[in-house]
Amino acid sequence: MTLFDRLVRLGMPLVPKLIVGKVAARYVAGDSITAAVDTIRRLQEEGAVTTVDVLGEEVLERARAETAVAEYVQLLETVSSQGLERNISVKPTMLGLKIDEAFCTDRIAEIVSRAHDLGAFVRIDMEDHTCTDATLRIYRQLQARYGNVGVVLQAYLHRTLPDISALLPLTPNIRICKGIYREPRAIAWKDFDTVRANFIFAMDRLLEGGAFVGIATHDRHLVCAGMAAVDRLGLTPDRYEFQMLLGVDSELRQVILGLGHRLRVYVPYGRDWYPYSMRRLRENPTVARHVMRAMVGLS
Ligand SMILES: Cc1cc2nc3c(=O)[nH]c(=O)nc-3n(C[C@H](O)[C@H](O)[C@H](O)COP(=O)(O)OP(=O)(O)OC[C@H]3O[C@@H](n4cnc5c(N)ncnc54)[C@H](O)[C@@H]3O)c2cc1C
């Protein structure tokens, strides 16, 4: 990332919402279930599978969390009735984690239970470190009750290897990613190479320990390390998949699919697109160019 890109990244909160929306449009399927369904179909034609996320987080009113449950149930019923991939990702703070953990557990349970009836899978995304313990507790409870649930671990957290050791006896389904939130140095690795190293330690430990692993990265070095681990351990597609975000590096997507691996694309949709889009723009290495172009109306 150039110095100019870094400066634009720091100044992102000052960029008008209209411009953010324009530049970030490629990361979001649209604002409706119909838009998500179109994107699922398009990716399916490419040979990829999907996990769909209804955008929203940091909900502090019970009614909004309940509305989110209804949206997820409608989404599950739509993809199911249309014979599409039945896989969703949910954020605990959208479902009331910041209101009350038990309330949130019940809301996620409603979604997981309906998903269970429809033969669908639910991944619980991992948010910032204030959510980690509660998210893992909710995962353990719902996995024991329903079985069609997975969770996410972040390679930047110091605690991730011990968390893996604690979870492996469950034969868990884990997405491993670098982690996207701004975390303090006391609890998180901050430099690029160390996060990469810990990603590989974590991924290897999970794959060797019998977990199903979603290898979620666009970092070619890590994709390559994932392929090497799969080859070394002789793993079949029921043990792993690669995962990428909508709007990021479609060429890499083709490379992974072309080599015969399963590739799942994370497809977010909904009206509450701003916080998600800001995180994506901050990690885009050429953010300045895109923002400048949008400012002068070139894209
Ligand atoms: C399927 C999936 C689910 C995720 N779920 C979570 C989660 O639950 N919790 C969480 O904390 N994080 C989550 N993440 C985000 C993740 O933690 C990283 O922040 C993100 O994937 C970027 O890290 P990277 O491994 O791709 O490596 P990076 O080094 O950041 O990126 C590698 C390369 O990918 C390209 N790239 C990356 N991001 C962008 C972008 N926004 N725009 C354009 N190009 C880009 C660039 O070429 C870059 O050099 C998820 C990521 C994926 C792929």
Side-chain angles (χ1 to χ4, degrees), residues 1-2 5-6 8-9 12 20 23-28 43 48-53 55 57 87-94 97 121-132 135-136 138-139 150-157 159-160 163 173-183 187-200 202-203 213-226 240-253 255-256 262-268 275-291:
M1 199 177 260
T2 65
D5 280 303
R6 275 183 226 278
V8 171
R9 186 166 68 165
M12 277 307 293
V20 173
V23 184
R26 66 170 162 146
Y27 299 120
V28 175
L43 289 163
V49 288
T50 48
T51 183
V52 184
D53 165 59
L55 288 166
E57 50 199 86
N87 189 306
I88 57 171
S89 291
V90 302
K91 283 196 172 35
T93 69
M94 186 197 201
L97 185 61
F121 181 82
V122 181
R123 168 89 49 202
I124 308 176
D125 285 347
M126 189 59 82
E127 299 172 85
D128 70 58
H129 76 276
T130 63
C131 303
T132 313
T135 301
L136 292 177
I138 294 170
Y139 164 66
V151 73
V152 180
L153 294 176
Q154 297 153 320
Y156 63 20
L157 290 186
R159 59 177 287 172
T160 286
D163 279 341
N173 184 318
I174 306 279
R175 172 195 297 153
I176 181 77
C177 64
K178 285 184 180 174
I180 183 64
Y181 299 89
R182 289 170 199 225
E183 300 291 11
I187 61 160
W189 305 113
K190 300 301 276 184
D191 66 292
F192 186 79
D193 289 340
T194 313
V195 175
R196 247 189 189 171
N198 206 38
F199 188 110
I200 295 175
M203 177 179 67
V213 188
I215 305 167
T217 182
H218 320 95
D219 182 337
R220 283 160 291 174
H221 181 88
L222 296 180
V223 169
C224 181
Y240 78 96
E241 65 189 17
F242 288 91
Q243 298 186 352
M244 293 176 63
L245 300 172
L246 185 69
V248 180
D249 205 344
S250 55
E251 274 182 16
L252 179 62
R253 211 154 73 201
V255 169
I256 296 171
R262 189 190 317 150
L263 190 269
R264 188 173 302 281
V265 181
Y266 187 98
V267 176
Y276 178 87
S277 299
M278 285 294 274
R279 287 198 293 274
R280 295 286 83 79
L281 288 177
R282 277 202 210 101
E283 65 187 354
N284 185 329
T286 56
V287 63
R289 194 180 66 205
H290 294 297
V291 170

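Every number for a ligand or one of its atoms is a count from 1 in the order of the listing. All residue numbers in this chain count up from 1 along the given sequence.
For the side-chain contact (heavy atoms from CB on, under 4.5 Å) test, residues two or more places apart in sequence or in another chain that qualify with Ala202 are Thr160, Leu161, Ile164, Ile176. Checked against side-chain contact (heavy atoms from CB on, under 4.5 Å), Asp125 has the following partners two or more places apart in sequence or in another chain: Asp53, Ser89, Lys91, Arg123, Val152, Arg175, Tyr266. Residues satisfying the side-chain contact (heavy atoms from CB on, under 4.5 Å) criterion with Thr194, sequence neighbours excluded, are Trp189, Asp191.
Looking only at atom types and distance, the side chain of Thr130 has a donor-acceptor partner in the side chain of Asp128 under 3.5 Å away.
Between Lys178 and Glu283 there is no salt bridge, since no side-chain nitrogen of the basic residue lies less than 4.0 Å from a carboxylate oxygen of the acidic one.
Counting heavy atoms from C-beta outward, Ile174 and Val151 have side chains that approach closer than 4.5 Å.
The residues lining ligand 1, counting any heavy atom closer than 4.0 Å, are Arg26, Tyr27, Asp125, Met126, Val152, Gln154, Arg175, Cys177, Lys178, Gly179, Ile180, Tyr181, Phe192, Ala216, Thr217, His218, Asp219, Gln243, Met244, Leu245, Val248, Tyr266, Arg280, Glu283, Asn284, Pro285.
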